[in-house]
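Please read these numbers as outputs of a predicted model, since none were measured by experiment. Just so we're on the same page: letters track the sequence lines, and every chain starts at 1.
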Protein chains: 2
Amino acid sequence: MAPRPRACSACAVRETALCGVLNTQQLARLNRRSYRRLYPAGQLIAGVAASEDWCATVLSGVIKLSKTLSDGRQQIVALLFPGDFLGRPYRAEFPYTAETATEVQLCCYGRTYFEGFMQERSDLKQIFLERTLDSVDAARDWMLLLGRKTAQEKVAALLLTILQRTSRPCPDCEQGPCRQLIMPLTRTEMADYLGLRLETVSRQLKQLEAIGTIKRLDPRRISVRDVDALAKAASSDSTP
Amino acid sequence: MAPRPRACSACAVRETALCGVLNTQQLARLNRRSYRRLYPAGQLIAGVAASEDWCATVLSGVIKLSKTLSDGRQQIVALLFPGDFLGRPYRAEFPYTAETATEVQLCCYGRTYFEGFMQERSDLKQIFLERTLDSVDAARDWMLLLGRKTAQEKVAALLLTILQRTSRPCPDCEQGPCRQLIMPLTRTEMADYLGLRLETVSRQLKQLEAIGTIKRLDPRRISVRDVDALAKAASSDSTP
DNA sequence: CGGCCGTTTGAGTCACCTCAACCACGGTGG
DNA sequence: CCACCGTGGTTGAGGTGACTCAAACGGCCG
């Protein structure tokens with residue numbers, strides 16, 4: 001459940017994670033206070049009730065952050081991919097529910113220790129700040145989607161996001177406009193992220209397939225025949 | 001258009017703004033490099049095309065940040081009230097459209113100067129970071145509203161937000177459960193913030209009045225008869 | 001084989017949108 | 001002083017995109 005830390009130099013997210021700015025010596029210090037955790041898919045990581053005194057870097061897998069209304073209505077407010085940061089520094093309570101969408105591996109640190117480390121290493125804090133600013137932008141982009149886009153555009157936009165965050169070449173047709181993606185979310189989760197019902201998501205996927213933009217290989221695997229058409233279907237905002 | 005700076009000690013947002021953490025000496029230094037701007041209501045402050053090299057603290061009034069799709073669909077992604085920060089440090093492009101909802105007074109600084117000042121005064125940067133983290137939370141709260149709440153709940157939630165951010169005692173009935181608010185937004189703007197149409201906003205306001213939760217004094221002035229009922233109508237999230 | 005889970009598909013409904021008329025208010029100019 | 005607009009808000013009638021309910025499908029596992 002908590003394997004011993006391994007060398008940061010061999011870390012899968014060495015360049016993309018926050019700690020990418022640290023030199024080897026600083027990295028070694030942080031490493032000594034870090035520990036790994038492995039969660040199966042569909043597991044609660046951090047709730048709201050429990051005050052969370054730790055934070056982490058995602059090494060592998062996908063985490064969903066969600067908020068729930070008292071009557072059960074749920075909204076996924078963010079997805080965390082490898083290299084992303086999980087936690088809420090400077091605050092004991094974590095204001096979301098964090099659950100694994102797939103199997104997830106984390107590199108964890110104590111929250112206050114990490115805060116102290118940021119205080120010392122101002123460049124780390126700087127990167128953290130810039131990432132937080134990016135999170136604001138991402139959340140606001142998604143607000144535009146939730147408030148103003150049609151079901152069709154929402155589903156297309158989600159496919160695009162997944163494609164960008166987990167780019168992998170399509171085994172059939174190397175490079176070119178065709179790409180394959182593996183959806184880390186169930187239909188219900190996709191709906192909870194898009195502010196839709198699962199049936200609507202399913203129907204929109206069918207329609208995107210009907211117009212030739214994508215092809216469903218199986219419920220989880222989707223081949224994007226035409227990335228440009230998908231981007232057009234998503235009305236990727238330009239904010240001119 | 002750009003009155004000379006005045007003493008920070010007499011500033012209306014002295015305690016609530018970012019610069020509240022600075023001591024008088026540091027404040028004086030920042031003050032020397034700041035200048036004020038006054039905008040009438042309904043004015044474009046900062047666009048997307050123009051690279052913005054300045055940022056500011058809101059002294060008075062309300063600013064809306066919005067994003068627009070190429071076909072004109074618009075979503076307001078945030079409202080800025082007195083004491084709030086406007087701008088995007090560490091980036092030349094400002095990713096939103098900023099417009100005044102009411103008359104607005106700003107205290108402006110050069111963007112790179114402000115960045116340098118944050119670098120020196122790490123406690124300023126700290127506060128800025130914590131505010132940015134709060135912005136993420138606020139945006140995600142609104143995502144829940146946009147994705148999962150009904151028109152009725154959305155309108156109620158907006159009234160609550162305005163009430164909280166611009167609390168003023170009701171002239172008729174001092175304290176008690178009754179409060180009055182002055183809506184800084186038009187119906188169209190309310191709709192753009194809530195992901196609705198203006199007609200729907202108008203109808204929901206009527207219905208909230210019909211059930212006795214609010215009373216419309218005139219289009220801009222609303223008396224909240226029962227704040228608890230309004231909070232209930234808004235399904236204020238608990239995330240249990 | 002049988003049950004379960006996630007997904008798909010269909011039919012009917014409804015909350016919100018669209019279109020359109022009307023109203024109240026404030027400014028302008030004859 | 002009043003006729004004339006223009007703007008923002010309200011109200012009504014009708015339409016529709018997404019939801020609701022329900023059934024059937026397919027893969028997986030015991």
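Distance B/Asp192 CG to D/dG8 P: 13 Å, rounded to the nearest Å. The separation between B/Gln204 atom CD and C/dA15 atom P is 10 Å, rounded to whole Å. Between the P atom of C/dG12 and the CZ atom of A/Arg203 lies a distance of 13 Å, rounded to the nearest Å. Spacing between atom CG of B/Leu198 and atom C1' of C/dA20 amounts to 13 Å, rounded to whole angstrom units. Taking atom CZ of B/Arg148 as the reference point, atom P of D/dC19 lies 7 Å away to the nearest angstrom. The separation between B/Arg187 atom CZ and C/dC22 atom C1' is 17 Å, rounded to whole Å. Counting to the nearest Å, the P atom of C/dA15 and the CD atom of B/Glu153 are 13 Å from each other. If you measure from atom CG of A/Leu217 to atom C1' of C/dT7, you get 16 Å, rounded to the nearest angstrom.
Side-chain contact annotation: A/Thr161 with A/Gln164, donor-acceptor N/O pair under 3.5 Å absent.
Taking 4.0 angstrom as the limit, A/Arg197 places a side-chain polar atom (N or O) nearer than this to OP1 or OP2 of D/dT20. Side-chain nitrogen and oxygen atoms of A/Thr200 include at least one within less than 4.0 Å of the OP1 or OP2 phosphate oxygen of D/dC19.
For A/Arg88 and B/Asp137, the salt-bridge test passes: some basic side-chain N is under 4.0 Å from an acidic carboxylate O.
A/Gly195 comes within 4.0 angstrom of sugar-phosphate atoms only, judged by non-hydrogen atoms across all strands, and of no base. Nucleic acid contact for A/Arg216: sugar-phosphate only, since backbone atoms but no base atoms lie under 4.0 Å from a heavy atom of the residue.
Side-chain N or O atoms of B/Ser135 include one that pairs as donor or acceptor with a backbone N or O of B/Arg131 at under 3.5 Å.
Contact detail for A/Tyr109 and A/Cys107: the closest heavy-atom pair is CZ-O, 3.8 Å. Here the closest non-hydrogen pair linking B/Phe85 and B/Cys55 is CZ-CB, 3.5 Å.
Nearest to the side-chain atoms of A/Pro219 among the listed nucleotides D/dA18, D/dG12, C/dT7 stands C/dT7. Here the nucleotide nearest the side chain of B/Thr186, chosen from C/dT7, D/dG9, D/dT11, is D/dG9.
Mapped onto DNA chain D by nearest heavy atom, A/Ala151 and A/Glu199 fall at different nucleotides, with A/Ala151 at the one closer to the 5' end.
The rotation axes computed at either terminus of the helix from C/dC1-D/dG30 to C/dG30-D/dC1 lie 20° apart, taking five pairs at each end and rounding to 10 degrees.
The side-chain contact (heavy atoms from CB on, under 4.5 Å) search around B/Ser202 returns none, not counting sequence neighbours.
The cationic group of A/Arg140 does not satisfy the cation-pi geometry with B/Trp142, failing either the under 6.0 Å distance to the six-membered ring centre or the 45° limit from the ring axis.
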